There are 2 protein chains.
Amino acid sequence: MDTNSTTQHTPSQPTNLINCQTCRMSNLCLPLAIDAQELYKLDELIRHSNPLQPRETIFSSGTPFTSIYAVRSGSVKSFFIDPDNHEQITGFYLPGEIFGWDGIAEDQYQTTAIALETSSVCEIPYDKLEQLSDTLPEIKRHVMKLISREINSDQQFIALLAGFSAQQKLASLILSFSDRMARQKRSPTRLWLPMSRIEISNYLGLTIETVSRVFGRLHKNNILKVNKREVEILDKKRLENLTTTSGN
Amino acid sequence: MDTNSTTQHTPSQPTNLINCQTCRMSNLCLPLAIDAQELYKLDELIRHSNPLQPRETIFSSGTPFTSIYAVRSGSVKSFFIDPDNHEQITGFYLPGEIFGWDGIAEDQYQTTAIALETSSVCEIPYDKLEQLSDTLPEIKRHVMKLISREINSDQQFIALLAGFSAQQKLASLILSFSDRMARQKRSPTRLWLPMSRIEISNYLGLTIETVSRVFGRLHKNNILKVNKREVEILDKKRLENLTTTSGN
DNA sequence: AAATCGAACTGATCTAAATCAACTCGGGGT
DNA sequence: ACCCCGAGTTGATTTAGATCAGTTCGATTT
């Protein structure tokens, strides 16, 4: 609810009033070095869509790859559906973060992406981006860094899943959200989680009961204040200690 | 041992005799469409190193990013060392596969990569690759697909770690190796695993005992013939069934 | 050929997290 | 105001996999 109130746009607002120049998140998804002239060019190719409803699909697994997307407000999850119809969430994306890279390899998206709440996203047609990057080396280098960053965060997450306990996983997730809130210049201590317990447990490879119990324990120990999806970090130091092997 | 015997080069052989034109793996790491002229240009920038000894380091976490690498023969593992000095393997790379993309984002490698056995790798200086891709759009598009493929396989692996049992994980790993052997035109049923049980268990988020027991069970059920690092797939159908949720 | 050492296997026991089962809480809808 | 219904919590029990404790095997050294 309160996560997107400050960047909310009404459907009736003309889309051309929404642009990168005025976007609060552009410092995250765009190269800092880019000059005004170049920003204008980039802005021309980006489609700023109307707000998405909660659960609305941005792209589906198996459909042709056309664009990558940046979250402008709200939040997005991406996931596989494996053959036996089991959903596996592979990422949550917050304002300023970019998703959809998985479509490039096979010319079709390998995951499905949906809005977790009322959200708006910027669609960046990939062919246009390729053209633009031919003339603007800054853009090209930034794109490479963004993709590499996705690889890094996926691999960090692999390390988390393979080696960490339920408590370490959940503490890491909360701290990750906290950091990403800070980058958005929003409170890093008072968080509102846009996803359900089912989605958290799926993402972390746990059950809802375990997630609920770990939240309960962290609450009891005065590390977090947890009330449904509202989480307040009371003791960041101790929370960080919990993410290390020694810290428990 | 036998995994790299056919592509072994002696240290005394001049490196300029090793090139992409004659590489058995070039159809995997290079675009199929590339013409002879272009291949020649690409070949000029690639450094074909002398064979690496088992355990020899290719690059280390934290050192400046200069190049990406393709496995020519042998095999490579990449891994993090987290603050509490615990190693977490993030990938195994076989001939024709490319690694090192994680260095782009921060201009330094985030992982360490070492040879698992006597191996040779092709070093591709990233700045040269960028220059070349400016003039050869085919190369540029291929590079993007390769990176995207790394994202896809990382995300597939996330799904494996988060949702699968020990048996499903191990069955998936064996089948992955089998597929990758087939791509190399090598036997997809008689495998020699280049990594130890410790490395397998670390990668899959299990213990060595569990890996050993699951191998034992698959052996007893006549699905695999397992003897240390030699694995023969006896019943591929049943092995595939084990990777689905329904299949057990 | 005996001694050493590391990798892998196997058995016994333990435990973190899964599973099964209520129960609470807070909206909507009628 | 009442009934639902889905989300989340909490408790009891079970279990897959971890941990602890040897044992086996083969390669290397002496």
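This structure is a prediction, so every number in the text was calculated from the model and none was measured. Letters go in sequence order (proteins before strands), and every chain restarts at 1.
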Review point. Looking for any heavy atom pair under 4.0 Å, which part of the strands does A:Leu206 touch: base, sugar-phosphate only, or nothing?
Key: sugar-phosphate

Review point. Side-chain donor-acceptor pair under 3.5 Å between B:Asn202 and B:Gln88, yes or no?
Key: yes

Check your understanding: Whole-Å distance between C:dA8 C1' and B:Ile200 CD1?
Key -> 11 Å

Check your understanding: Quick check, are the ring centers of B:Tyr203 and B:Phe79 under 6.0 angstrom apart?
Key -> no

Practice item. Return the value, rounded to whole Å, for the distance between atom CZ of B:Arg229 and atom P of D:dG26. Key: 15 Å

Check your understanding: Which nucleotide sits closest to the side chain of B:Lys228: C:dA8, D:dT9, D:dA18?
Key -> C:dA8

Review point. Quick one: B:Met195 CE to C:dA7 C1', roughly how many Å, whole number?
Key: 15 Å

Check your understanding: B:Glu117 CD to C:dA7 P: how many Å, rounded?
Key -> 16 Å

Review point. With a 4.0 Å cut-off on heavy atoms, is A:Ser196 in touch with a base, just the backbone sugar-phosphate, or nothing at all?
Key: sugar-phosphate

Review point. Is it true that the side chains of A:Ser153 and A:Arg149 contain a donor and an acceptor less than 3.5 Å apart?
Key: no

**Study point:** Contacts of type side chain to side chain contact (heavy atoms under 4.5 Å, CB included), residue A:Ser75, not counting sequence neighbours
**Key:** A:Leu94, A:Leu116, A:Glu117, A:Pro194

**Study point:** Difference in axis direction between the ends of the helix from C:dA1-D:dT30 to C:dT30-D:dA1, five pairs, 10°
**Key:** 30°

Review point. Expressed in angstrom and rounded to an integer, what is the separation of B:Ile208 atom CD1 from D:dA21 atom P?
Key: 15 Å

Exercise for review: Find the distance A:Leu161:CG to D:dG17:C1' and express it as a whole number of Å.
Suggested key: 17 Å

**Study point:** Within residues 51-62 of chain A or reaching into it, pairs that qualify as salt bridge (Lys or Arg N to Asp or Glu O under 4.0 Å) - sequence neighbours excluded
**Key:** A:Arg55-A:Glu199

Point to revise | Stretch residues 209-226 of chain A: residues that reach within less than 4.0 Å of DNA chain C through a heavy atom | key: A:Glu209, A:Thr210, A:Arg213

**Study point:** Pairs where residues 217-227 of chain A contributes a residue and the test side chain to side chain donor-acceptor pair (under 3.5 Å) is met, not counting sequence neighbours
**Key:** A:Gln167-A:Arg217

Check your understanding: Any side-chain donor-acceptor pair under 3.5 Å between A:Ser120 and A:Ser73?
Key -> yes

Compile the donor-acceptor pairs under 3.5 Å between side chains in residues 57-65 of chain A and protein atoms, sequence neighbours left out, one pair per line.
| unit_1 | atom_1 | unit_2 | atom_2 | d |
| --- | --- | --- | --- | --- |
| A:Ser61 | OG | A:Gln110 | O | 3.4 |
| A:Thr63 | OG1 | A:Ser60 | O | 2.7 |

Check your understanding: What integer distance in Å separates B:Gln168:CD from D:dA16:C1'?
Key -> 12 Å

Check your understanding: Any side-chain donor paired with an acceptor under 3.5 Å for B:Glu123 and B:Ser67?
Key -> yes

Check your understanding: In whole angstroms, how far is the C1' atom of D:dA7 from the CG atom of A:Asn202?
Key -> 16 Å

